[in-house]
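Below you'll find the structure, written out as structure tokens, and then a few comments.
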Amino acid sequence: MTILLVISLLIYTVSVLLLTYIVVRGPTVSDKILSADVALYTSSVILAITGIIIGSEAMAICTIILILWAYALDLYFSKYLERGELGEQ
């Protein structure tokens with residue numbers, strides 16, 4: 001079981017690296033936002049898998065915090081794309 005977790009950890013790490021490349025060199029702002037969003041959610045999966053491998057409960061808390069932060073980022077960017085403004089006005 002541990003071997004499968006390590007293999008999946010490597011696959012997710014490679015996907016985050018590819019998504020980071022898209023964030024830096026993406027063709028449009030929407031593509032960059034989408035790839036950053038997927039990279040954050042994939043990073044939370046990496047944290048969860050790492051927590052399972054080392055048996056740490058603190059990793060689960062970090063995973064939840066990262067997912068909530070990614071969701072807030074989604075809300076702000078969708079507001080920006082919809083209205084062209086950020087924050088309260």
Side-chain angles (χ1 to χ4, degrees):
M1 171 114 169
T2 306
I3 294 172
L4 292 175
L5 289 173
V6 170
I7 291 171
S8 65
L9 188 66
L10 291 173
I11 291 171
Y12 280 119
T13 304
V14 169
S15 69
V16 166
L17 292 174
L18 293 173
L19 287 166
T20 304
Y21 176 76
I22 294 172
V23 168
V24 173
R25 304 281 299 194
T28 64
V29 175
S30 299
D31 292 333
K32 290 179 180 185
I33 291 171
L34 181 64
S35 60
D37 185 41
V38 174
L40 284 173
Y41 285 117
T42 306
S43 298
S44 66
V45 171
I46 290 172
L47 278 176
I49 292 172
T50 305
I52 291 171
I53 290 173
I54 64 174
S56 174
E57 295 174 1
M59 288 290 203
I61 296 169
C62 293
T63 301
I64 292 170
I65 291 171
L66 183 62
I67 289 172
L68 291 174
W69 186 73
Y71 181 70
L73 189 67
D74 287 344
L75 293 177
Y76 279 116
F77 278 134
S78 63
K79 183 178 178 183
Y80 173 73
L81 290 177
E82 189 71 24
R83 298 185 190 152
E85 61 185 37
L86 285 176
E88 293 184 30
Q89 296 195 7

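Since the structure is predicted, the reported quantities are computational estimates derived from the model, not experimental observations.
Taken together through direct or relayed side-chain contacts under 4.5 Å among Ile, Leu, Val, Met, Phe, Trp and Tyr, Leu40 and Leu47 form part of one hydrophobic cluster. Hydrophobic clustering (ILVMFWY, side-chain heavy atoms < 4.5 Å, transitive): Tyr71 and Ile67 are in one cluster. In terms of hydrophobic clustering, with Ile, Leu, Val, Met, Phe, Trp and Tyr side chains grouped at heavy-atom distances under 4.5 Å, Leu34 and Val23 are assigned to different clusters. Ile61 and Met59 end up in different hydrophobic clusters when Ile, Leu, Val, Met, Phe, Trp and Tyr side chains are linked at under 4.5 Å.
Scanning all heavy atoms of the two residues, the minimum distance from Lys32 to Ile22 falls at CG-O, 4.0 Å. Thr63 and Ser44 get closest at one heavy-atom pair: CG2-O, 3.4 Å. Among all heavy-atom pairs drawn from Ala70 and Asp37, the shortest one is O-OD1, 4.1 Å.
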Open item on the list: For Tyr41 and Val45: C-alpha separation, side-chain torsions, deciding distance, then whether side chain to side chain contact (heavy atoms under 4.5 Å, CB included) applies.
Closed with: CA-CA 7 Å; Tyr41 285 117; Val45 171; 6.0 Å; no
- [ ] Test side chain to side chain contact (heavy atoms under 4.5 Å, CB included) on Leu66 and Trp69 and set out the steps.
- [x] CA-CA 5 Å; Leu66 183 62; Trp69 186 73; 4.3 Å; yes
Compile the donor-acceptor pairs under 3.5 Å between side chains in residues 1-21 and protein atoms, sequence neighbours left out, one pair per line.
unit_1	atom_1	unit_2	atom_2	d
Ser8	OG	Leu4	O	3.2
Ser8	OG	Leu5	O	2.8
Thr13	OG1	Leu9	O	2.7
Ser15	OG	Tyr12	O	2.7
Thr20	OG1	Val16	O	2.7

